Amino acid sequence: MRRRAAAALAVTSLWLSAGCGGTEHEAADPVRVGPVATPAGPTGTEMPFARFLPGDGELKEMQRAESVLLNSCMAEFGFRTRITAHSDAALLADLRRGTTLPRTAQEARAYGFHNVPVEGGGRDGSAPGPGRQTRLLVLNGPDPRPAPDGAPAAGPDREVNGRAVPPGGCAGRTERALAEGGPAESAAHPGNSALNTLLRLRSAAWAQAAADPAYTGMTAAWSACMKRAGFSYRDFDAAAEDPAWTRTATAGAREKAAATADLRCRTAVNYLGVSEAVHLAHERRAVRDNAATLASVKAHYDAVARNAARVP
């Protein structure tokens, strides 16, 4: 579980049964936080949303099947590609797993609150060149934005090598194929709607958790600890998002010191134990209050897993 909820989610079409208010049933009874442990490090606790998600093996099979279908579709348009499909494994693992700290002590000393460099990046499997734009058109489909005069985008770019590009390109066709047999709307509106729905529910649960007295009390104790170390911040985000850190491409000495003090103070106030207990309680409430939505999420992922297993 990461240290804070995801920022605003661009969810334009929630195909599942969740209502606009965030839960299917407004809870009248208060959320009760259970026992608070004192873990020495990151925990392996299974979080409440985990049972609605595919496992690691299923995720690998889904990625394999999606890659096969994408490359097969591209071949129909005359393109030989070696696309490796994007995997949501990291995001789903974040939904499943227990609580961890935002960075290690070594990372704090080296990078402060700056992002830790990561290797690699997404690739579409095609070499650069004059045909790259056409390959991307086939992969992702024509631009769905309307023309300046309000008319839908149109023109010869809807066909490539004499074949009509499917809605959403090969990526859209692949997602629809893998979602077949699941909730009807998942096939009509692919594009990680199930994942976005889960993230939306967790974001709402975390917002409630952040206002829980157990959590605000822990945050206040952390703030006092930071003040004793020479840093004045009301909460974790205020420290991590201090505008001073954005003025340089890399962390300076003060930022590194603040990030190191942040970890030390989190340990002193039992951030891991309190945070996990509070989030467990509020996520359990979210599961209880959104049973139909989460059943649809699970049905979607079950359908994708079944279809992926059939792809040779």
Side-chain angles (χ1 to χ4, degrees), residues 1-7 9 23 31-60 62 87-108 111 113 115-116 118 192 194-222 225 235-237 239-240 259-260 262-291 293-294 297-298 301:
M1 181 180 9
R2 298 191 190 279
R3 61 193 179 278
R4 57 180 184 265
L9 299 169
T23 62
V31 173
R32 300 186 183 280
V33 177
V36 177
T38 310
T43 73
T45 305
E46 181 176 281
M47 301 305 288
F49 291 121
R51 68 178 186 267
F52 304 100
L53 301 172
D56 291 336
E58 289 176 314
L59 285 171
K60 289 180 181 178
M62 290 175 189
S87 174
D88 290 321
L91 272 173
L92 293 177
D94 186 50
L95 283 158
R96 289 199 307 259
R97 70 188 181 203
T99 311
T100 187
L101 292 167
R103 66 196 65 80
T104 66
Q106 182 178 1
E107 290 168 345
Y111 306 107
F113 292 105
N115 291 330
V116 177
V118 294
N192 292 332
L195 175 60
N196 278 351
T197 297
L198 283 166
L199 291 173
R200 180 183 61 81
L201 291 177
R202 188 182 67 169
S203 181
W206 281 23
Q208 294 165 358
D212 191 289
Y215 193 88
T216 57
M218 179 268 292
T219 303
W222 169 89
C225 176
D235 56 33
F236 307 114
D237 287 350
T260 300
D262 169 40
L263 293 181
R264 186 171 60 249
C265 288
R266 286 181 192 246
T267 300
V269 302
N270 192 23
Y271 166 84
L272 289 173
V274 174
S275 180
E276 181 157 292
V278 173
H279 284 101
L280 275 170
H282 285 272
E283 287 189 24
R284 284 172 181 147
R285 173 60 59 83
V287 167
R288 189 198 76 177
D289 290 349
N290 295 277
T293 293
L294 291 167
V297 167
K298 188 173 189 310
Y301 281 121

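Small disclaimer: the values here were computed from a predicted structure and weren't measured. Along the sequence shown, the residues carry numbers beginning at 1.
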Novice: Please name the pair of heavy atoms, one in Ala50 and one in Glu46, separated by the smallest distance, quoted to 0.1 Å.
Specialist: CB-CG, 3.4 Å
Novice: Quick one: closest heavy-atom pair of Gly34 and Ala277, and the distance?
Specialist: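 Result for this residue pair: O-CB, 4.2 Å.
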Novice: Does the Asn290 side chain pair with the main chain of Thr293, one donor and one acceptor, at a distance under 3.5 Å?
Specialist: no
Novice: So, taking the atom named CG in Leu201 and the one named CH2 in Trp206, what distance separates them when rounded to the nearest 0.5 Å?
Specialist: 13.5 Å
Novice: Do the non-hydrogen side-chain atoms of Leu263 and Pro102 ever get within less than 4.5 Å of each other?
Specialist: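 Result yes, sub-4.5 Å side-chain heavy-atom pair found.
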Novice: Of all heavy-atom pairs between Val274 and Ala214, which one has the smallest distance, and what is that distance?
Specialist: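 Between these two residues, the closest heavy atoms are CG1-O, 3.6 Å.
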Novice: Just how far is it from atom CG of Leu272 to atom CG of Leu101, taken to the nearest 0.5 Å?
Specialist: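 Spacing of CG (Leu272) from CG (Leu101) equals 4.5 Å.
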Novice: Hey, does Leu198 have a side-chain heavy atom less than 4.5 Å from the side chain of Tyr301?
Specialist: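 In short, these two side chains touch, coming nearer than 4.5 Å.
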Novice: Checking the side chain of Asp212 only, and the main-chain atoms of Arg32 only, is there a donor and an acceptor separated by less than 3.5 Å?
Specialist: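 Side chain of Asp212 to backbone of Arg32: no pair is present.
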Novice: Looking at residues at least two apart in the chain, or sitting in another chain, which of them share a salt bridge (charged side-chain N to carboxylate O under 4.0 Å, His left out) with Asp235?
Specialist: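 Partners of Asp235 by the salt bridge (charged side-chain N to carboxylate O under 4.0 Å, His left out) criterion come out as none, since no residue qualifies.
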Novice: Would you call Arg266-Asp262 a salt bridge at under 4.0 Å N-O?
Specialist: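 So Arg266 pairs with Asp262 through a salt bridge.
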Novice: If the condition is side chain to side chain donor-acceptor pair (under 3.5 Å), which residues does Thr45 pass it with, not counting sequence neighbours?
Specialist: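 With sequence neighbours excluded, Thr45 shows a side chain to side chain donor-acceptor pair (under 3.5 Å) to Glu276, given in chain and number order.
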Novice: Kindly give the heavy-atom pair with the smallest separation between Leu59 and Ala89, and that separation in Å.
Specialist: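 Scanning both residues, the minimum pair turns out to be CD1-CA, 3.9 Å.
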Novice: Kindly give the heavy-atom pair with the smallest separation between Asn270 and Pro39, and that separation in Å.
Specialist: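 Minimum heavy-atom separation between Asn270 and Pro39: OD1-CD, 3.8 Å.
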Novice: What heavy-atom pair brings Pro42 and Thr100 nearest, and what distance separates the two atoms?
Specialist: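 Scanning both residues completely, I find the closest heavy atoms to be CG-OG1, 3.4 Å.
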Novice: Quick one: does Val297's side chain get under 4.5 Å of Leu195's, heavy atoms only?
Specialist: no
Novice: Among Leu294, Leu95, Val287, which residue satisfies the side-chain contact (heavy atoms from CB on, under 4.5 Å) criterion with Pro48?
Specialist: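 Passing option: Val287.
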Novice: Counting distance only, does the side-chain N/O of Thr99 pair as donor-acceptor with the main-chain N or O of Thr43 below 3.5 Å?
Specialist: no
Novice: Is any side-chain heavy atom of Arg202 closer than 4.5 Å to a side-chain heavy atom of Phe49?
Specialist: yes
Novice: Can you list everything that forms a salt bridge (charged side-chain N to carboxylate O under 4.0 Å, His left out) with Arg284? Sequence neighbours excluded, please.
Specialist: none
Novice: What I'd like to find out is whether the side chain of Met47 reaches to under 4.5 Å of the side chain of Leu53, using heavy atoms alone.
Specialist: no
Novice: Does Tyr215 offer a backbone N or O that forms a donor-acceptor pair with the side chain of Thr219 under 3.5 Å?
Specialist: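 Present.
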